[in-house]
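Note that the coordinates shown come from a computational prediction; the quantities given were computed from them, not determined experimentally. The sequence lines fix the lettering, A, B, ..., with proteins before strands; numbering per chain opens at 1.
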Protein chains: 2
Amino acid sequence: MSLDAATPDLGAAEPNTKERILDIALELFTDQGYERTSLRQIADRLGYTKAAIYYHFASKDDILMTLHLRLHEFGLSALASLDGTEWSPTTWADFLDQLIDQILEHRSLFLLHERNRAALEELHRDRHDADHDDLEAGFQRIIANPQIALDDRVRMTCAFGAVMGTLFLTGNVFADIPSAELGGMLRGAVRDLLGTGAPG
Amino acid sequence: MSLDAATPDLGAAEPNTKERILDIALELFTDQGYERTSLRQIADRLGYTKAAIYYHFASKDDILMTLHLRLHEFGLSALASLDGTEWSPTTWADFLDQLIDQILEHRSLFLLHERNRAALEELHRDRHDADHDDLEAGFQRIIANPQIALDDRVRMTCAFGAVMGTLFLTGNVFADIPSAELGGMLRGAVRDLLGTGAPG
DNA sequence: GTCTATATAGGGATAGAC
DNA sequence: GTCTATCCCTATATAGAC
């Protein structure tokens, strides 16, 4: 199954055209970037012409938005719901524990987001999508909180970076490592950084 | 002085047009992305028309390339020269020690690079720039080395991510903190992650 | 459901006036 | 050294045939 586990599985018949478009787009958008990828390029891989895409999607933006929304479905917005949390290295470690699983499971969608930040920001701006909240935007709000000691905030940032970096900076190097194993190592690193004990 | 300390200081006269273009481009390219930024947009801020830019630069790509080359001047390629190093958590900690200073000093150029990876990769591909070596490409070669224990490689990745994440994920949150102070904290985090003693 | 043909806009880039 | 006017291309998107 492609496109992570996000795909609405319609009985696993021959992949329908819409999902194929999303698959191709996901790969090209992350690899080349959104604006360097033309509909013509997608259509070529699809085996159809450009216009065929417009039967399934209203616009090029619509394709990107559809992919982006799949990220939000998977508790990416968990952060927003935890907005009332009293953040500290300890609670942060617990949060990262959960985030690590999400990231490892939906790698490609996270990558898409990271690599096309500018395009996505403008998309939301055009929609007046005021309540849109990024993982990163929520993160920045937290580490900007002056009630948390600066040292702690830097440590929380480092822990976040350690996790995200393993996804964003390694390419395919760790692709073969089972998620459980990699996840375990990441949790260990997070603990050492935040000075917390075993995960709760 | 703008554009980090990279600017060839011609006696600090009124900023010449070429440097102004680079300044504006640096800001717009990192903020909106390279391809979402048009020459018209740059020209508007400049107060001239598009065509004026072509007096100073051969192409839009040339602007990006000029900015990119400034990064290489500042020992970004230190990694390549250290290619013969026997990498381990310890030597990696020493390397990051130096890298932290570079990053803190040339924040905006690093950000430009990170945010426009796709464009830069294609630029080098077009130039058949085979020996071009990214900080990240070099990093990936190292952590792909099977002679280093997997645990160590993951830890090295985490340390790298912790450093880079502090630059890429925090926005302006830590902008007010003196580089020396922030650098010190980062070094502490790196030590805790890599299990090394005080930096050499 | 998929296609061709085409409209329209905006981009980068050039020629040459001033 | 800076500008206007313009070229050309490619992109997204539409209308409508099959």
Q: What is the distance, rounded to the nearest whole Å, between atom OH of A:Tyr55 and atom P of D:dG16?
A: 18 Å
Q: Given side chain to side chain donor-acceptor pair (under 3.5 Å), test A:Asp61 with A:Tyr34 step by step and report yes or no.
A: CA-CA 9 Å; A:Asp61 280 353; A:Tyr34 177 69; 2.5 Å; yes
Q: Between A:Gln41 and A:Gln32, does any side-chain donor sit less than 3.5 Å from a side-chain acceptor?
A: yes
Q: Look at the rings of A:His68 and A:His113 and say which category their plane angle falls in: under 30° parallel, 30 to 60° tilted, over 60° perpendicular.
A: parallel
Q: How many whole angstroms separate atom CZ of B:Arg36 from atom C1' of C:dG12?
A: 17 Å
Q: Heavy atom of residues 39-54 of chain B under 4.0 Å from DNA chain D: which residues?
A: B:Gly47, B:Tyr48, B:Thr49, B:Ala51, B:Ala52
Q: Evaluate the side-chain proximity of A:Ser88 to A:Asp152: yes if any heavy-atom separation is below 4.5 Å, no if none is.
A: no
Q: With salt bridge (charged side-chain N to carboxylate O under 4.0 Å, His left out) as the test, would you mind laying out the steps for B:Arg187 and B:Asp101 before giving the verdict?
A: CA-CA 10 Å; B:Arg187 274 180 255 274; B:Asp101 289 334; 3.0 Å; yes
Q: Closer than 4.0 Å, any side-chain N/O of B:His56 to the OP1 or OP2 of D:dT2?
A: yes
Q: Between D:dA13 atom P and A:Asp62 atom CG, what is the distance in whole Å?
A: 10 Å
Q: Counting only side-chain N and O atoms of B:Thr17, is one of them less than 4.0 Å from OP1 or OP2 of D:dT2?
A: yes
Q: Could you tell me the separation between the CD atom of A:Glu35 and the C1' atom of D:dT10, rounded to a whole number of Å?
A: 15 Å
Q: For the ring pair (Phe, Tyr, Trp, His ring centres under 6.0 Å) test, which of A:Trp87, A:Trp92, A:Phe95 pairs with A:Phe139?
A: A:Trp92
Q: Between C1' on C:dG1 and CD1 on A:Ile21, what's the gap in Å once rounded to a whole number?
A: 11 Å
Q: I need the CZ-P distance between B:Phe57 and C:dG12, as an integer number of Å.
A: 15 Å
